[in-house]
Every structure is written in C-alpha cells, then in structure tokens.
> 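My questions will all concern the structure given below.
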Protein chains: 2
Amino acid sequence: MYKEKQLLTNFLSEKNLRHSSKRNTILKAFLKEEGHITAEELHKKVNEEDPSIGIATIYRNLKLFHDAGLARMSRFEKGEAHYEHNYLHTHHDHLICLKCGKIIEFKNPEIEETQEKIAGKHKFKITSHRLELYGTCSKCSSK
Amino acid sequence: MYKEKQLLTNFLSEKNLRHSSKRNTILKAFLKEEGHITAEELHKKVNEEDPSIGIATIYRNLKLFHDAGLARMSRFEKGEAHYEHNYLHTHHDHLICLKCGKIIEFKNPEIEETQEKIAGKHKFKITSHRLELYGTCSKCSSK
DNA sequence: TTAGTTGCAAATCGTTTGCATCAAG
DNA sequence: CTTGATGCAAACGATTTGCAACTAA
C-alpha cells in the first residue's frame with residue numbers, strides 16, 4: 001500500500017495535480033480489491049463508504065491511477081473494461097471460462113521469454129502485453 | 001475463397017438461414033481485406049459497391065460470419081471490435097505499436113505449446129486465445 | 001486566490017434492436 | 001406464402017465531457 005500511495009503522490013506532484021478525500025476513498029477501495037473490478041463495481045463499493053461519489057469521478061480516477069502506473073486495464077471479450085492494481089499483483093495473464101465467466105490468473109516465465117524473442121525478431125520494444133486463454137474450466141467441462 | 005463460401009453455405013443451411021445479394025457483397029468485401037477491419041471501415045468499403053447497405057446489416061453479418069467460424073473478433077486497448085477472416089489467415093498473434101498504431105502479425109508454435117501446458121495445469125480446455133504485445137516498432141523507436 | 005476536483009446531466013461512441021417492408025426459397 | 005434479411009431510427013451500455021459549484025494548496 002505504501003508503495004502505491006507513493007506512486008500516486010509522485011505522479012500527482014509531477015503533474016501538478018491534487019489529493020482529495022474522495023480520491024483517497026476511491027484509491028483505498030481499489031487497493032482493497034484482490035482481482036479485477038469494473039468501474040461500475042468499484043462505484044458500488046466506494047458508495048458504501050461515501051455515497052456522494054459519482055460514477056464520473058470513478059472513471060476519472062481510474063484513468064488517473066492508470067496513467068500513474070498503479071492500475072492496469074483489460075478488456076475481455078465483452079464490452080466493459082476491467083481494472084486491477086499492482087499492489088500484491090505483479091503481472092500475470094488470464095484463463096477465462098466462457099461458460100461460467102470464471103477468471104483464473106497465472107504467471108509463466110517461459111512465455112515472457114518467448115515474447116522477447118519474437119519482439120527481437122521484429123525489432124520491436126515491448127512495453128506490455130496481454131495473454132488471454134479462453135475455454136472451459138474444469139467444473140464446467142465436467143457438467 | 002471457396003472454402004469460406006462453403007463454410008458459410010453449410011452454416012446457413014444448417015441454421016435454416018438464407019443467402020442474399022447484400023450478404024454476398026459484404027462477404028466479398030470482407031474476404032478481400034487482408035488485415036483487421038472494424039465494422040465501420042467495412043461499412044465504408046461495402047458502400048462503394050452498394051450504398052444502400054446500412055451499418056446494422058454489417059454488424060448482423062459480421063456476427064453471422066463469426067458464428068459460422070469464418071471470422072475472428074478481437075478488441076485491442078481501445079473500444080471498437082476488429083474483425084478478420086480465416087481465408088489466407090490462420091491463427092496468429094499481434095504486435096501493436098503504441099506510437100504509430102501499426103499492427104504486425106506473427107505466429108509462434110512455442111507459445112501455443114506453453115499455453116497447452118498451462119491449461120493442463122488448471123484442467124482447463126482452451127478453445128481460443130489472444131496474445132498481444134504492446135510496444136514501439138523499429139521505425140518509431142529510431143525517431 | 002488560483003487551478004484542480006467533483007456531481008450532474010447531457011453528449012458520445014460503438015453496437016443492438018423493434019418494426020415495417022422486402023425478398024429468398 | 002412463409003420466414004429470414006434489411007433499413008431506419010430509436011434504444012442501449014459503457015464511458016466522456018461541459019458546466020457550475022466546491023475545495024486543496
């Protein structure tokens with residue numbers, strides 16, 4: 001948590017932006033989340049703490065957290081964006097069950113290596129990536 | 001092209017759906033495309049041939065092509081969906097330049113193997129995947 | 001006091017849908 | 001004829017934005 005707060009503080013002062021109590025409430029709720037969360041979902045959680053915070057502010061702050069480097073954004077097959085933070089959450093990829101919607105996270109260094117090889121071949125400098133495996137999870141395939 | 005048309009014909013008769021001249025126009029324009037295309041872009045191309053075709057029909061047919069197995073859909077970081085066909089286009093992944101927007105396609109069997117290993121570990125049955133590497137292409141990094 | 005932050009509602013963007021009409025089989 | 005295909009405009013869901021009021025520094 002300390003590292004994330006620091007990251008945000010740095011970003012804010014660098015860009016001449018401000019802290020605010022609502023921004024803090026949103027950050028706290030966001031960092032409390034373990035997995036992915038949509039703006040809508042985060043809005044609900046935040047509203048348990050402070051019902052005066054509107055959805056627009058959630059979007060504005062998620063964008064800010066993203067720009068500050070403490071949130072990642074992904075879009076799966078459906079429409080809405082999912083956000084997740086980096087606190088206790090280094091990079092990983094996703095297995096997504098198309099039947100029940102379950103999302104499993106995994107890490108695999110082999111894949112990262114192979115990616116570097118590929119990038120080298122195309123003289124490409126990788127800054128980030130996403131790998132998503134779609135299919136059926138064990139529960140759903142045994143049904 | 002023959003294979004794709006056949007695929008569509010099979011799908012149509014299986015589902016008791018019909019051919020139509022507009023559907024053909026859309027299919028032809030779609031198969032002519034080499035890379036990814038958005039619904040909007042395809043609409044423009046189709047309209048050069050037949051300006052009476054509306055965007056809703058483009059969406060309806062892209063969905064149909066997708067269900068019939070002759071189109072793939074992906075969403076990159078931004079909102080809109082991109083479609084691509086399987087004619088001369090077997091599965092591949094993408095390198096995406098964040099500066100100029102260039103999209104390079106690549107194939108890598110090693111990665112596919114590793115994916116299967118990961119899926120096995122989680123008793124997951126993979127039906128599809130997406131791998132996107134974001135970064136800077138050679139041109140943009142030399143500027 | 002100056003500029004960033006927020007709520008609200010309206011606007012926007014990509015996509016889907018209801019309905020009346022048209023056309024394939 | 002029967003039912004799928006289509007155009008149009010309205011509806012939609014997610015996200016963004018303009019504006020006036022608010023608040024951090």
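All values below come from the heavy atoms of this structure, side chains included, with hydrogens, waters and symmetry mates left out.
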> Between D:dT6 and B:Ser20, is there an OP1 or OP2 to side-chain N/O distance shorter than 4.0 Å?
yes

> Give the rounded distance in Å between these two atoms: CG of A:Leu62 and C1' of D:dT17.
17 Å

> Heavy atom of residues 52-61 of chain B under 4.0 Å from DNA chain C: which residues?
B:Ala56, B:Tyr59, B:Arg60

> Are the side chains of B:His19 and B:Thr9 in touch, meaning some heavy atoms are under 4.5 Å apart?
yes

> Do you know which two heavy atoms are closest between A:Leu7 and A:Ala68, and how far apart they sit?
CG-O, 3.9 Å

> For chain B and DNA chain C, what are the first and last nucleotides along the strand, 5' to 3', with at least one atom under 4.0 angstrom from a heavy atom of the protein chain?
C:dG14 to C:dG25

> Rounding to an integer number of Å, can you tell me how far A:Glu41 CD sits from D:dT15 C1'?
16 Å

> B:Asp93 and B:Glu112: which non-hydrogen atoms are nearest, and at how many Å?
OD2-OE2, 4.1 Å

> Once you round it to whole Å, what is the distance between P of D:dG13 and CZ of B:Arg75?
15 Å

> Could you pull out the closest heavy-atom pair between A:Cys137 and A:Cys97, with the gap in Å?
N-SG, 3.4 Å

> Would you call A:Leu8 and A:Leu64 a side-chain contact if the rule is heavy atoms closer than 4.5 Å?
yes

> Report yes if some heavy atom in the side chain of A:Asn108 is under 4.5 Å from a heavy atom in the side chain of A:Leu131; otherwise report no.
no

> What is the separation between atom CG on A:Asn24 and atom C1' on D:dT23, rounded to the nearest whole Å?
14 Å

> Sort out for me which residue in A:Glu41, A:Lys45, A:Glu84 forms a side-chain contact (heavy atoms from CB on, under 4.5 Å) with A:Glu33.
A:Lys45

> Could you state the atom-to-atom distance from CZ of A:Arg18 to P of D:dC22 in whole Å?
16 Å

> Five pairs at each end of the helix from C:dT1-D:dA25 to C:dG25-D:dC1: take the axis at both ends and give me the angle between them to 10°.
30°

> Is a side-chain N or O of B:His36 found less than 3.5 angstrom from the main chain of B:Met73, in a donor-acceptor match?
no

> With a 4.5 Å limit on heavy-atom distance, are the side chains of A:Asp67 and A:Lys15 in contact?
no

> In this structure, how many angstroms lie between the P atom of D:dA24 and the CG atom of A:Asn16, rounded?
17 Å

> On DNA chain C, compare the nucleotides closest to B:Ser21 and A:Ser21; which residue's is nearer the 5' end?
A:Ser21

> So, does B:His43 use its side chain to make a donor-acceptor pair with the main chain of B:Ile53 at under 3.5 Å?
yes

> Rounded to whole angstrom units, what separation is found between the CG atom of A:Leu42 and the C1' atom of D:dT15?
15 Å

> Hey, what do you get for CD1 (B:Ile104) to CD1 (A:Ile118), rounding to the nearest 0.5 Å?
11.5 Å

> Nearest-nucleotide wise, let me know which of A:Leu17 and A:His82 is further upstream toward the 5' end of DNA chain D.
A:His82

> Please state how far atom NZ in A:Lys15 lies from atom P in D:dA25, giving the value in whole angstrom units.
19 Å

